[in-house]
Structure formats: structure tokens, C-alpha cells
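Below, chain A is the first sequence line, B the second, and so on; all start at residue 1.
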Amino acid sequence: MNFVKELSWRGMIHTIMPGTEELLQKELTTAYVGIDPTADSLHIGHLVSVMMLKHFQVAGHKPIVLVGGATGMIGDPSGKSKERDLLDEETLRHNQSCIQKQLAKFMDFESGLHTAAEMVNNYDWMKDFSFIDFIRDIGKHITVNYMMAKDSVKKRLGDESTEGMSFTEFTYQLVQGTDFLTLYKTKGCKLQMGGSDQWGNITTGTELIRRKEQGEAFAITCPLITKSDGVKFGKTEEGNVWLDPERTSPYKFYQFWLNVSDEDAERYIKIFTLLTKNEIDMLIEEHSQAKHDRLLQKRLAREVTIMVHTEEALAMAEEASQILFGKGTADTLSKLDEATFLSVFEGVPLKTVPKSELDNGIGILELLSDKTGFFESKSELRRLIKGNGISINKNKQNNAETNVDSTQLINGKYLLVQKGKKDYYIIKAE
RNA sequence: GGGGAGAUUCCAGAGCGGUCAAAUGGGGCAGACUGUAAAUCUGUUGGCGCAGCCUUCGGAGGUUCGAAUCCUCCUCUCCCCA
């Protein structure tokens, strides 16, 4: 399989350095992607890089994941309008080990084959690099003029920038370049991949390799993933969409992909799944026949959820979606047995309230705010209720003064509260 | 160091000393429509015991029957000159 052609039809190539394709055709190549360990879980913004590496491995090459322990301590100025907060070493180490576990799901690290992936941490070679050594061995080879010409730097030095840029951040490209150089020397790594915002940093690396080692190294960047409505990809109102099921439940995760727009779905399915061109072309064709069925979104959500989570998690998410958004009525809801009910609402916020408090009935406002904390403000609740935005057990509530009592409990235990169409909360009585 | 401008509710940005919980736009939330979409339309967007009350307009004081609007000091931001 031709890696470059593969990425190309998937729309995953933004810029590619001349000669890269030839190199990959000629020999088994090692490439790396850097990931900043700014949290103890990856989010779907990281997924593009991960997919690049995955395709790379499938194409018969060797991927390296570089966890940026050192670079994470500095902060990349690319795309940032202000100085990053620095992380301490303990946090970084913790984050690294968590990320490592997540990545093992995507790539083969263990097989012992020559294409088995590796993980490295640049902290390990940067930590003993003295400042003197650094400015002599690295700084010597790159001019400030060259560094200043990078967009990431120019942007921060321009008139519009009110923040300025610290020397630390200015140095970032050298540190990243050092990574590339190090991997080039120690592991024969000749290719670095990343988001298009990394182009400048990557070329500093290839430049270093050229000047210091008279070597040739290459670069591929992928386009920034965007959403057709212009909002930043990978964010929901609640924030990032994480791979960690503790942070983003598989159900929410599945829902994220399911809710992607038609236009985005066509692009995403190429990027985030391993489906072949034929399969995808057929899906797109089918989808265009009956857009309301959202075949593309469903398949996309399916594939990605399995890849990131498990088949079981997907089954749950699909079932939950079916019950929540299908023709499910108050009636079918009340027929659910407890086990199904709980599995469907896995990950939905749940609060426990003493059953005795429900026995005599309790004001809906008090129940949903003071008792459970689901809503901070009773004014907001009143507004929602007035506007038909609150349901209990799928029944619209339109009177803020009404009482809720234990006769309404599903299975004698649960109340399903709904805000709008998509936000659910569960109250458990015991 | 000198001179100027400004700090308003999530953001932007109005705001005659009373009728300002504060225009307008954006964003958010909800409703209708729909494909759990987009577009559109509608409502809403400080809190509460909600036809009333309470706390807000950088901070602290003051003038006044009454201040986001006037005065004083403080803090911070931006711009220009040196």
C-alpha cells in the first residue's frame, strides 16, 4: 500500500516535503508524531495524528510516538496567542503513562515486528542537556533570522500581538528540532508528521539534520480538522471530547460523531476510520440517496467508537441512543427493567435522594435544584418549565409548582429528568 | 518621565442623576420545524419565597431624597510623546 496515496485520498495531507513519497517507496521508514502530555487522556483532536501513525504502520513502516515531556514543559507558541502555563514533572509523568495506555489500542507496540511502534519521551534526552551544550550544539546551527521567519514566531512578534513571547517559547522550535535530530541519529527516523501548524517546527528539525548531520529528513502535515460551521473541531459545550471513558462516556462519544453534519461526516469518515475507499464511496452514495437516515454519521460513530472503546460500549451507546431518541415514549421507558435502564443511562449524571422525601411529594423546583444540584438556579428551571424544556420520564412538565412523588418512579427507584432533547439526568430514590 | 483614553451584566458595546437588572448585536439555553441536522422563526439569558423583593455596572469612600451615571483616592488596561 502506498502510504502517501492513502493519506492523500483521505484528505489527510496538507503539505508534504518533496521526496517523501519516494523515500517511503524505497525503504522501511521510521516516522514520528509528537503529542503534548497536557492532560492524562488524549482527546479526539489528537486522533488525527494517531490515525496518521496507524496508517503508517499498516503501510509497513515503523511509527514512533514522541511524548513531549520536555516540550510540554515549554509550550508551543504555534496557534497560541498567549504564554502557556507550565506543567511540573510529576504531572507530566502521570499524563505520559496514561496516554501510553490509550495509544496501545491503536497501534501494535508489542509484536516485536520491525514495524512495531515505539514510544519515547523527549524529557529523557532533554533533561540532562545542559544549557551550554544546547546553545553550542544546537543553537549554533540555526540563525535567529531563520527562526524569526516562522509564522508561529512572526505572529507573536507582530503588532497585533499584545502578549509578546518569552524566550522560552521562542526556543520551542529548537527543542522540537532537537527531538527530530535525536530520533534521526538514534533511531534512523527520517520523517516527522503532525498538524499543519507544526510545519514550521518540523522544518527547523529537517534543517538541523541537514546542517548538523548532512542528512535528509522529511515532513508531512495534515490539514487542521475543521467543522463546516466554523466552530472548533472536537469541542462540545462541555469541553473536549476525550478518549478516556471516565471523562467522556462512550455514549457521549458515540453521540458526538453521530451529530456531525453531512458535510463533515464525509471528511471525517475518511480520516477517522480505516474503511476503504470503495466502502466509503458506496456509503457516501447511499447517504446522498436518503440523507435523513444519516448512514454516514451512524457508520462513522460506529467505527470510531469501536476503535476507541469496545464493541460492548458501542452496543450500549447504540441501544441508549435508540431508547433516548427513537420512538421511545413514556410507556416503553417505564417497561425497561432495571439492568437495561442502568446500562442505557450509563454515564448520565445520577443523584440519589432519600425515598422518604419523595413519598409525600416534593416540589419539582426543589427536587431538581436543592436536592440534586442538577440545576443551580430555580429561575432557570422556571424558565425552562415555562418554555416546555423540562420532562420527567418523558412527560413534559409545564407547571413549576407541581409536585413529584414516589408513584412516578420507574422500577420504584428512578426518575428520568430531561432538559431539552439531549440532556438527561437521573434521580435515584432509596 | 510627560500627555491622552478607558474599566458596564458570557463577549462586544450603548447608557440624559431618578421610569436601568441596564439599549443593541453576538454567543448560550429552550420551543416550533426537522434527520438527535443545517437554515429559519419564537421565547429567554443576575438571584429569590417571582405581578413583589434582593444583589450587580473595576475597588474604597463621598455628594444627593435618589447615582452605572457627579466628586475624591486607589488598582488595572490601552494609546501617543520622550
Side-chain angles (χ1 to χ4, degrees), chain A residues 81-83 158-164 226-233 235-239 241 248-269 283-284 286-302 304-305 314 316-330 332-333 344-345 347-349 362-371 373-392 394-403 416-425:
Chain A
S81 54
K82 62 182 198 186
E83 185 95 20
D159 292 340
E160 307 89 79
S161 173
T162 54
E163 281 283 327
T226 55
K227 279 178 52 172
S228 49
D229 62 5
V231 179
K232 192 171 183 222
F233 169 77
K235 297 270 189 184
T236 65
E237 300 73 47
E238 294 98 60
V241 178
T248 301
S249 71
Y251 163 74
K252 283 254 160 93
F253 186 86
Y254 175 84
Q255 284 285 321
F256 171 82
W257 296 102
L258 193 65
N259 278 310
V260 150
S261 72
D262 294 342
E263 192 185 324
D264 290 338
E266 280 193 31
R267 286 187 296 130
Y268 295 171
I269 200 165
L283 276 169
I284 291 176
E286 254 184 280
H287 178 251
S288 67
Q289 300 298 317
K291 297 207 164 185
H292 56 278
D293 287 337
R294 289 183 303 152
L295 273 174
L296 265 184
Q297 283 93 333
K298 282 179 185 164
R299 190 60 188 275
L300 172 66
R302 221 190 141 81
V304 184
T305 306
L314 169 70
M316 297 285 202
E318 283 183 331
E319 188 177 358
S321 302
Q322 186 53 40
I323 290 171
L324 262 30
F325 295 105
K327 295 169 245 18
T329 59
T332 60
L333 187 70
V344 162
F345 293 103
V348 169
I362 182 170
I364 187 168
L365 293 177
E366 199 190 346
L367 179 67
L368 295 183
S369 59
D370 298 339
K371 291 295 173 198
F374 288 148
F375 296 86
E376 299 259 313
S377 143
K378 287 180 188 153
S379 301
E380 184 192 359
L381 265 173
R382 278 177 213 277
R383 261 183 254 123
L384 283 166
I385 290 172
K386 204 183 295 176
N388 253 323
I390 294 287
S391 301
I392 289 187
K394 291 255 175 198
N395 293 317
K396 290 282 184 197
Q397 303 295 307
N398 41 36
N399 179 4
E401 306 309 323
T402 192
N403 273 353
L416 181 68
V417 182
Q418 203 175 342
K419 173 193 163 213
K421 286 178 185 135
K422 298 184 187 177
D423 290 335
Y424 290 87
Y425 309 87

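The separation of B:G61 from B:U40, taken at their P atoms, amounts to 49 Å, rounded to a whole angstrom. Distance noted for atom C1' between B:G17 and B:A51: 28 Å (whole Å). Separation of the P atoms belonging to B:G1 and B:G46 is 43 Å when rounded to the nearest angstrom. Of the C1' atoms belonging to B:A30 and B:U36, the separation is 15 Å, rounded to the nearest Å. Taking atom C1' on both nucleotides, B:C57 is separated from B:A68 by 5 Å, rounded to a whole Å. Taking atom C1' on both B:U8 and B:G3, the two are 26 Å apart, rounded to the nearest angstrom. Only the P atoms considered, B:U69 is 11 Å distant from B:G59, to the nearest whole Å. Comparing B:C33 with B:U42, their P atoms are spaced 16 Å from each other, to the whole Å.
Within 4.0 Å of A:Ile390, counting heavy atoms only, lies no atom of the nucleic acid at all. Among the protein residues, A:Ser377 comes within range of the sugar-phosphate backbone only, with heavy atoms under 4.0 Å from sugar or phosphate atoms but none that close to a base. Counting non-hydrogen atoms under 4.0 angstrom, A:Asp293 reaches nothing in the nucleic acid. Within the nucleic acid shown, A:Gln297 comes within 4.0 Å of at least one base atom, counting heavy atoms only.
Remark: B:G66 base-pairs with no nucleotide in the shown strands. Criterion, Watson-Crick or G-U wobble with two distances under 3.5 Å. A 3.5 Å limit on both hydrogen-bonding distances identifies no Watson-Crick or G-U partner for B:C57. The partner of B:A21 is absent, by the rule that a Watson-Crick or G-U pair needs both atom distances under 3.5 Å. In this structure, B:G1 and B:C81 make a Watson-Crick or G-U wobble pair, each of the two defining distances being under 3.5 angstrom. B:C76 is paired with B:G6 under the Watson-Crick or G-U wobble criterion, all donor-acceptor distances under 3.5 Å. Pairing for B:A32 is with B:U40, a Watson-Crick or G-U wobble pair whose two hydrogen-bonding atom distances lie under 3.5 Å. When both distances must be under 3.5 Å, the Watson-Crick or G-U wobble mate of B:G27 is B:U45.
Between A:Ser321 and B:U36, a side-chain N or O to OP1/OP2 separation shorter than 4.0 Å is absent. The phosphate of B:U34 has neither OP1 nor OP2 within less than 4.0 Å of any side-chain N or O from A:Arg294. For the pair A:Lys386 and B:G31, the criterion of a side-chain N or O lying under 4.0 Å from OP1 or OP2 is not met. In terms of phosphate contacts, A:Lys419 brings no side-chain nitrogen or oxygen within less than 4.0 Å of OP1 or OP2 of B:G28. For the OP1/OP2 pair of B:G49 and a distance below 4.0 Å, the side-chain nitrogens and oxygens of A:Lys378 include at least one atom meeting the criterion. In this model, the phosphate group of B:G49 is approached by a side-chain N or O of A:Arg382 to a distance below 4.0 Å at OP1 or OP2. Between A:Ser261 and the phosphate of B:A38, there is no side-chain N or O to OP1/OP2 separation shorter than 4.0 Å.
Minimum atom distance to the side chain of A:Arg383 is reached by B:U44, of the listed B:A30, B:U44, B:A37. Out of B:A37, B:A30, B:C48, the shortest distance to the side chain of A:Ser379 is found at B:C48.
In summary, the aromatic rings of A:Tyr425 and A:Phe375 are positioned with their centroids under 6.0 Å apart.
In this structure, the CD1 atom of A:Ile385 is 14 Å from the P atom of B:C50, given to the nearest Å. Atoms NZ (A:Lys394) and C1' (B:U36) sit 10 Å apart, rounded to a whole Å. Straight-line distance from the CG atom of A:Leu384 to the P atom of B:U42: 20 Å, rounded to whole Å. Atom P of nucleotide B:A30 and atom NZ of A:Lys422 are separated by 9 Å, given to the nearest angstrom. Straight-line distance from the CG atom of A:Asp264 to the P atom of B:U36: 18 Å, rounded to whole Å. Rounded to an integer number of Å, the gap from A:Phe374 CZ to B:C29 C1' is 18 Å. For A:Lys291 and B:A39, the NZ to P distance is 15 Å, given to the nearest whole Å. If you take CG of A:Leu295 and C1' of B:U36, they are 15 Å apart, rounded to a whole angstrom.
Here the side chains of A:Ile392 and A:Gln418 are not in contact, with every heavy-atom distance at 4.5 Å or above. In this structure, A:Glu318 and A:Tyr251 have side chains that are not in contact, with every pair of non-hydrogen atoms separated by 4.5 Å or more.
With hydrogens and angles ignored, no donor-acceptor pair closer than 3.5 Å exists between the side chain of A:Lys298 and the base of B:U36. A donor N or O paired with an acceptor N or O is found under 3.5 Å between the base of B:U36 and the side-chain atoms of A:Gln255.
At a threshold of 4.0 Å, the pair A:Asp293-A:Lys298 does not count as salt-bridged, since none of the basic side-chain nitrogens sits closer than that to a carboxylate oxygen. The pair A:Glu286-A:Arg299 fails the salt-bridge criterion, with no side-chain N (NZ, NE, NH1 or NH2) lying under 4.0 Å from an Asp/Glu carboxylate O.
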Mind running side chain to side chain contact (heavy atoms under 4.5 Å, CB included) on A:Leu258 and A:Leu300 for me, showing each step along the way? CA-CA 7 Å; A:Leu258 193 65; A:Leu300 172 66; over 6 Å; no
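For A:Gly389 and A:Asn259, each mapped to the nucleotide of RNA chain B holding its nearest heavy atom, the one lying further toward the 5' end belongs to A:Gly389.
Using modelled atom types and a 3.5 Å distance limit, the side chains of A:Gln297 and A:Asp262 yield a donor-acceptor pair. For the residue pair A:Gln255 / A:Ser321, a side-chain donor-acceptor distance below 3.5 Å is found, with atom types taken as modelled.
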